[in-house]
Amino acid sequence: MEHSKSTGNFLQTIIEEDLASGRVDRVVTRFPPEPNGYLHIGHAKSISVNFGLAEQFGGHCHLRFDDTNPEKEAQEYIDAIQEDVRWLGYEWQGDVRYASSYFEQLYAWAEYLVEQGDAYVCELDADQAREFRGTLTEAGRNSPYRERSAAENLDLLRRMRQGEFADGTRVLRAKIDMAHPNMNMRDPILYRIRKRHHHQTGDAWPIYPTYDFAHGQEDAIEGITHSICTLEFEDHRPLYDWFLDHLPVKSRPRQYEFGRLNTSYTVTSKRKLKQLVDEEVVDGWDDPRMPTIAGLRRRGVTPAAIRRFCDMVGTSRANGVADVAMLEHAIRDDLNENAPRAMCVLDPLKVILTNIDDSVNDLLIAPRHPGKPELGERQLPFSRELYIDAADFREEANKKYKRLVLGKRVRLRSACVIEAHDVVRNAAGEIVEVHATAIANTVGSDPEDGVKPKGVIHWVCARGGSRATVRLYDRLFRHPAPDRGDTDFMAQLNPDSLRIVDCAIIEPALAVASPGERFQFEREGYFVADSMEHSADSPVYNLTIGLRDVWENAGGAG
RNA sequence: UGGGGUGUCGCCAAGUGGCAAGGCACCGGGUUUUGAUCCCGGCAUUCGCAGGUUCGAAUCCUGCCACCCCAGCCA
């Protein structure tokens, strides 16, 4: 956004050079998810890279579902992925595309390869094929079916397509080199027989192309100029190029790889995410603790924060782990600037202002955002009884404690200064009420006697406030790398990742908010009205992220 | 042990032969009716290691080390 030219990443450099040399005259990228799961923060990076590069160079980005394996895919994911990409703020060029809409062309190319003598039908079963493939250090052996005639191969391929053969009994393979040091070049599989219903093509096909045989050609069909994927596909590039070299494609895309985005304290593997959902560790794919786009959205994270995070992390060819603190910073930064302020008392302690008459019902005015007067104001009911947070009162404390102390003063945010003079206890000896006096003429100014309050605390009027449920979320894992090698991620779960407060007290502005509205609860953090469960009758807020707190981080609680 | 990658501050990351950007985190100090925000300052004599080339190297050469990916009819 700012001065992005001076410190460009390697992809920007490549594109600039391609444009300058005339290798391409425009930029077309694509985001090609397989619709077999929900998008997560790692995908956001890929989305940001692909759509971002297109945007930056005045090009286009396609959204293409790489739906070559009906076994794991579903319409549900197609819908969710589109919603997530749009929510992130990106717009793809043209219609949504599907690999499956190119099946006919792909098949024609398969016949072409067979006719050229570059592909053959192999009848080795999966186990035999593995055995013939060799190992990382030993060459493989040629399949006994490798030297069939083009005519025989063509006949067999057509019969595969007709559905004459059972699943797994035959595959179409490219004839490349069974001794190639790159395993991907040892006569890779182009088509496999899989008699499954496909969410887009129905029962039209008994055979489906593999990723390798499909991806580059899809890119060529769409005129993709820069096909950007993650590092683990690097070994596939020679094969990607091999197909483009051997097929009469009309354009020549190139593949580039970058390092995946990993984030500390989180897992992003589909299998692990699914396990969290299946074992009901979380409430679903959109649980606010999930690193899915849907989860982040429900958590109250903004699209701008996610994009900012992706920009902050950058794009390189190194595989690293970004500190989740960077994401948190991006979230706070955006919300600090844009979220209206409001007050909510999470752990209510009643305060009675003994010098205020019970008949008083004032309405104080406070800005919705101290730095943005254009956001307007809100009204704060004020009367004899109110609530403050239990942690904001102590009978005695050292001078570092900047809240209400018996016999001392504190300012009520956006209201007057009060001085505590008494406490009321229950039978168990616990403080259930604080009695205080409001200092006259202190709304908007300091006490006339010159005794300034020690600090500022938030509060809500007992009469004007209402009760709410607030869910306090924390990171799902306590280990910085729950994913790592031998670590059992399920054993690293944070037992306190969710704490539900069901008797919080909120000011009126929070009761009337709409689902999805975000606020800063002053002195606490950023919260969002839950998109599913919040209503004026029964308000429900989710913690997005707490405010930075140097006092608490320094062990200030003591 | 085959092939492909990557190693620059605790984390991310610029840098492409001329004398180590930036962000996050962290540590000081200031402002503040949010212990927030904001502001100011600090934070790699050194670029995985060892040699070499050069007036000069994180950048070039050689060797070594560490880590990641690949043996799905997944993507």
Side-chain angles (χ1 to χ4, degrees), chain A residues 6-9 13 32-34 36 66 68-69 71-72 122 124-126 129-131 133-140 167-173 180-186 188-194 207-208 210-212 214-215 229-238 257 259 261 264 270 309 311-330 332-333 336-337 341 343 366 370-371 400-403 410-415 417 442-446 453 455-458 480 520-525 546-554 556:
Chain A
S6 51
T7 58
N9 61 53
T13 304
E34 182 185 18
N36 68 345
D66 215 355
T68 56
N69 184 1
E71 230 155 7
K72 326 177 145 182
C122 179
L124 255 21
D125 66 29
R130 186 180 320 114
E131 202 178 306
R133 193 154 36 232
T135 69
L136 294 177
T137 53
E138 302 160 34
D167 282 12
T169 57
R170 284 169 183 75
V171 293
L172 181 72
R173 303 175 71 173
H180 200 108
N182 179 342
M183 299 294 286
N184 294 122
M185 300 298 272
R186 319 246 263 225
I189 291 171
L190 278 48
Y191 271 94
R192 67 288 213 187
I193 301 172
R194 194 118 317 165
I207 58 175
Y208 291 95
T210 54
Y211 165 85
D212 285 313
H215 208 92
C229 60
T230 43
L231 251 26
E232 68 270 26
F233 288 99
E234 193 157 19
D235 296 345
H236 293 248
R237 193 171 58 214
E257 311 85 17
L261 169 61
S264 63
K270 248 165 221 172
F309 172 57
D311 285 349
M312 275 169 75
V313 170
T315 308
S316 76
R317 286 176 58 84
N319 252 328
V321 182
D323 193 332
V324 74
M326 280 198 231
L327 207 212
E328 296 174 344
H329 170 81
R332 289 191 183 103
D333 205 34
N336 173 54
E337 184 164 338
R341 282 32 347 181
M343 292 191 282
K400 285 190 155 184
Y401 186 78
K402 310 199 311 190
R403 311 177 188 187
V410 80
R411 172 175 292 284
L412 296 181
R413 175 69 166 165
S414 299
V417 174
T442 51
V443 176
S445 49
D446 284 330
V456 182
I457 63 173
H458 58 289
Q520 182 198 93
F521 288 3
E522 292 191 278
R523 299 211 312 132
E524 293 288 0
L547 252 27
R548 261 182 91 233
D549 189 346
V550 295
W551 192 65
E552 190 157 283
N553 288 347

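Heavy atoms only: backbone and side chains are in, while hydrogens, waters and symmetry mates are out.
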Interatomic distance where [atom1] belongs to [X] and [atom2] belongs to [N] [whole Å]:
| X | N | atom1 | atom2 | value |
| --- | --- | --- | --- | --- |
| Glu552(A) | rG35(B) | CD | C1' | 10 Å |
| Leu261(A) | rA13(B) | CG | C1' | 13 Å |
| Asp323(A) | rA13(B) | CG | P | 13 Å |
| Glu257(A) | rG4(B) | CD | C1' | 10 Å |
| Asn319(A) | rC11(B) | CG | C1' | 15 Å |
| Leu231(A) | rC67(B) | CG | C1' | 13 Å |
| Met312(A) | rG23(B) | CE | P | 10 Å |
| Arg548(A) | rC39(B) | CZ | C1' | 14 Å |

Pairwise [atom1] distance, [M] and [N] [rounded to whole Å]:
| N | M | atom1 | result |
| --- | --- | --- | --- |
| rC65(B) | rU1(B) | P | 8 Å |
| rU16(B) | rG10(B) | P | 23 Å |
| rG18(B) | rU59(B) | C1' | 11 Å |
| rC9(B) | rG48(B) | C1' | 14 Å |
| rU6(B) | rA20(B) | P | 25 Å |
| rA57(B) | rU45(B) | C1' | 15 Å |
| rU31(B) | rC68(B) | C1' | 48 Å |
| rC60(B) | rU53(B) | C1' | 8 Å |

Quick test of your reading of the model: are Glu234(A) and Arg317(A) salt-bridged, counting only N-O distances below 4.0 Å?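 Judged by the 4.0 Å cut-off on N to carboxylate O distance, Glu234(A) and Arg317(A) do form a salt bridge.
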Salt-bridge test for Glu34(A) and Lys72(A): reply yes if a basic N is under 4.0 Å from a carboxylate O, no otherwise.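 Lys72(A) and Glu34(A): not salt-bridged.
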Along RNA chain B (nearest heavy atom to each residue), the more 5'-positioned of Lys400(A) and Ala322(A):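 Its nearest nucleotide being more 5', the pick is Ala322(A).
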Toward the 5' end of RNA chain B, which comes first, Leu327(A) or Leu412(A), by nearest nucleotide?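 Taking each residue's closest nucleotide, the earlier one in sequence belongs to Leu327(A).
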Which is true for [X] with a 4.0 Å heavy-atom rule: it touches a base, it touches only sugar-phosphate, or it touches nothing?
| X | value |
| --- | --- |
| Val324(A) | nothing |
| Ser414(A) | base |
| Gly444(A) | base |
| Arg317(A) | sugar-phosphate |
| Val321(A) | sugar-phosphate |
| Arg523(A) | base |

What's the shortest heavy-atom distance between Thr315(A) and Asn9(A), and which atoms?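 Result for this residue pair: O-CB, 3.3 Å.
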Met312(A) to His329(A) - nearest heavy-atom pair and separation: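 Minimum heavy-atom contact is CE-CD2, 4.1 Å.
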Looking at [N], which nucleotide sits across from it as a Watson-Crick or G-U wobble partner, both distances under 3.5 angstrom, or is there none?
| N | value |
| --- | --- |
| rC60(B) | rG52(B) |
| rG2(B) | rC70(B) |
| rU32(B) | none |

Taking the minimum atom-to-atom distance to the side chain of [X], which one of [options] wins?
| X | options | result |
| --- | --- | --- |
| Arg341(A) | rG35(B), rG23(B), rU34(B) | rU34(B) |
| Met326(A) | rG23(B), rC26(B), rG35(B) | rG23(B) |
| Thr137(A) | rC26(B), rG2(B), rA14(B) | rG2(B) |
| Asp549(A) | rU34(B), rG35(B), rG5(B) | rG35(B) |

rU34(B) base to Gln520(A) side chain: any donor-acceptor pair below 3.5 Å?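 By the distance-only test, yes, there is a pair.
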Checking only heavy atoms, does the side chain of Arg403(A) share a donor-acceptor pair with the base of rG35(B) at less than 3.5 Å?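 Yes, a donor-acceptor pair under 3.5 Å.
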Syn or anti for rG72(B), taking syn as within 90° of 0?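 With its glycosidic angle within 90° of zero, rG72(B) counts as syn.
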[X] side, atom [atom1]; [Y] side, atom [atom2] - distance, nearest 0.5 Å:
| X | Y | atom1 | atom2 | answer |
| --- | --- | --- | --- | --- |
| Arg403(A) | His458(A) | CZ | NE2 | 9.0 Å |
| Asp212(A) | Met185(A) | CG | CE | 10.0 Å |
| Arg523(A) | Leu547(A) | CZ | CG | 10.0 Å |

Check whether any side-chain N or O of His458(A) sits under 4.0 Å from OP1 or OP2 of rU34(B), and answer yes or no.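 No, outside the criterion.
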Report, as a single string ordered 5' to 3', how protein heavy atoms within less than 4.0 Å touch nucleotides 70-75 of chain B: B base, S sugar-phosphate only, - not at all. BBSBSB
Step by step, would you call Phe309(A) with Leu327(A) a side-chain contact (heavy atoms from CB on, under 4.5 Å)? CA-CA 5 Å; Phe309(A) 172 57; Leu327(A) 207 212; 3.9 Å; yes
Would the distance check show the side chain of Arg192(A) and the main-chain N or O of Val171(A) forming a donor-acceptor pair, the cut-off being under 3.5 Å?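 It does not hold such a pair.
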Fit a plane to each ring of Tyr211(A) and His236(A), take the angle between them on a 0 to 90° scale, and name the class: parallel (under 30°), tilted (30 to 60°) or perpendicular (over 60°).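 Perpendicular.
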